[in-house]
Amino acid sequence: MIFYGNWKLNKTTKEVMEFFDSFNNFVTAEKICFFVSPALIQTAVEKSKFPIGAQNICYADFGAYTGETSIVQALDLKCQSVLIGHSERRSKFFETDEVVNKKVVLCAPHTECVLCVGETKEQLNEKYQVLEKQLFTALLGIEKQSLQNVIIAYEPVWAIGTGLTPHVDEIRDTIDFIKAILKSKYDVKFKVLYGGSVNSKNVAEFKKIDNIDGFLVGGASLDAQSFEDLIKA
Ligand code: PEP
């Protein structure tokens, strides 16, 4: 299974070192990656036994984009994955589906992309239409070979960092829907992760969902022991 950690805007260099002093001793066959802030990528790559990813990437690959990080730089730093379209990027940095699409177009030919989609609380009644639009717009114009590099993270916005989660049946149905529409449109079998308030206590129930490929974990990935407990649960 896949267990990806999103550290958001957390940790100092010292804390990254301390985390991997502990977590590097964890022996597991599961697929793990940590998405860290640009300022910590180099430290994390040097220190971690596990792959490191970028939390965000500019929609352009170089030039006059002050404050941004490019896919060229992320690959140069040995990032092995990029997170695209996280709900915090969409809500706090006004990223539209079209901007998300530009980023996937730029990154997917070169590396794994974790494309985040999910409905807000207000959109719950139209969840499937919202997801379909987010997915089809984000993946517009991407060749089949590059699509194989894309993993979908289904993250209901109302579940991120709130302690709330959908019922397991709702997660199963939503993952079924995502896989089915993508298979029928692109003839590609996409992996789908669930994200939103997953922790070491509730993850065992979610692991039983037959079509789930893994998890994107925020808060519970920040502490080495709690992330290890979650993976082992
Ligand atoms: C996230 O940031 O993608 C996330 C799922 O956060 P949390 O696990 O804290 O809800």
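Everything numeric in this text was worked out from a predicted model, so none of it was measured. Counting starts at 1 for both ligands and their atoms, in listed order. Here, residue 1 is the first one in the sequence, and each next residue gets the next number.
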- Item | 4.5 Å side-chain heavy-atom contact, Leu115 and Gln134 | no
- Task: Provide the number and element of each atom of ligand 1 under 4.0 Å from a heavy atom of Asn6.
- Result: 1 (C), 2 (O), 3 (O)
- Ignoring angles and geometry beyond distance, decide whether Ile160 reaches within less than 3.5 Å of ligand 1 through its nitrogen or oxygen atoms. no
- Give me the ring orientation class for Phe20 and Phe23: parallel if the planes are under 30° apart, tilted from 30 to 60°, perpendicular past 60°. perpendicular
- Return yes or no for this condition: an N or O of His86 is under 3.5 Å from an N or O of ligand 1. yes
- Message: Quick check on the hydrophobic clustering: are Ile52 and Phe227 connected, directly or via other members, by side-chain heavy-atom contacts under 4.5 Å?
- Response: yes
- Please indicate whether any nitrogen or oxygen in Gly161 is less than 3.5 Å from any nitrogen or oxygen in ligand 1. yes
- For the residue pair Phe26 and Phe50, does the interplanar ring angle fall in the parallel (under 30°), tilted (30 to 60°) or perpendicular (over 60°) class? tilted
- Considering only NZ, NE, NH1 and NH2 on the basic side and carboxylate oxygens on the acidic side, decide whether Lys31 and Glu112 come within less than 4.0 Å. yes
- Gly219 heavy atoms, cut-off 4.0 Å: which ligand 1 atoms fall inside? 7 (P), 8 (O), 9 (O)
- Mark up the atoms of ligand 1 that fall under 4.0 Å of a heavy atom belonging to Gly196, in ascending order. 5 (C), 10 (O)
- Note on the structure: Here the atoms of ligand 1 under 4.0 Å from any heavy atom belonging to Ser197 are 7 (P), 8 (O), 10 (O)
- Query: Do the rings of Phe215 and Tyr194 sit parallel, tilted or perpendicular, given the 30° and 60° boundaries?
  - Reply: perpendicular
- Query: Can an N or O of Glu155 be found at a distance shorter than 3.5 Å from an N or O of ligand 1?
  - Reply: yes
- Message: Give me the nearest non-hydrogen protein atom to atom 8 (O) of ligand 1 as residue plus atom name, then the distance to 0.1 Å.
- Response: Gly218 N, 2.8 Å
- Query: Using 4.0 Å as the upper bound for N to carboxylate O, is an ion pair formed by Asp173 and Lys127?
  - Reply: no
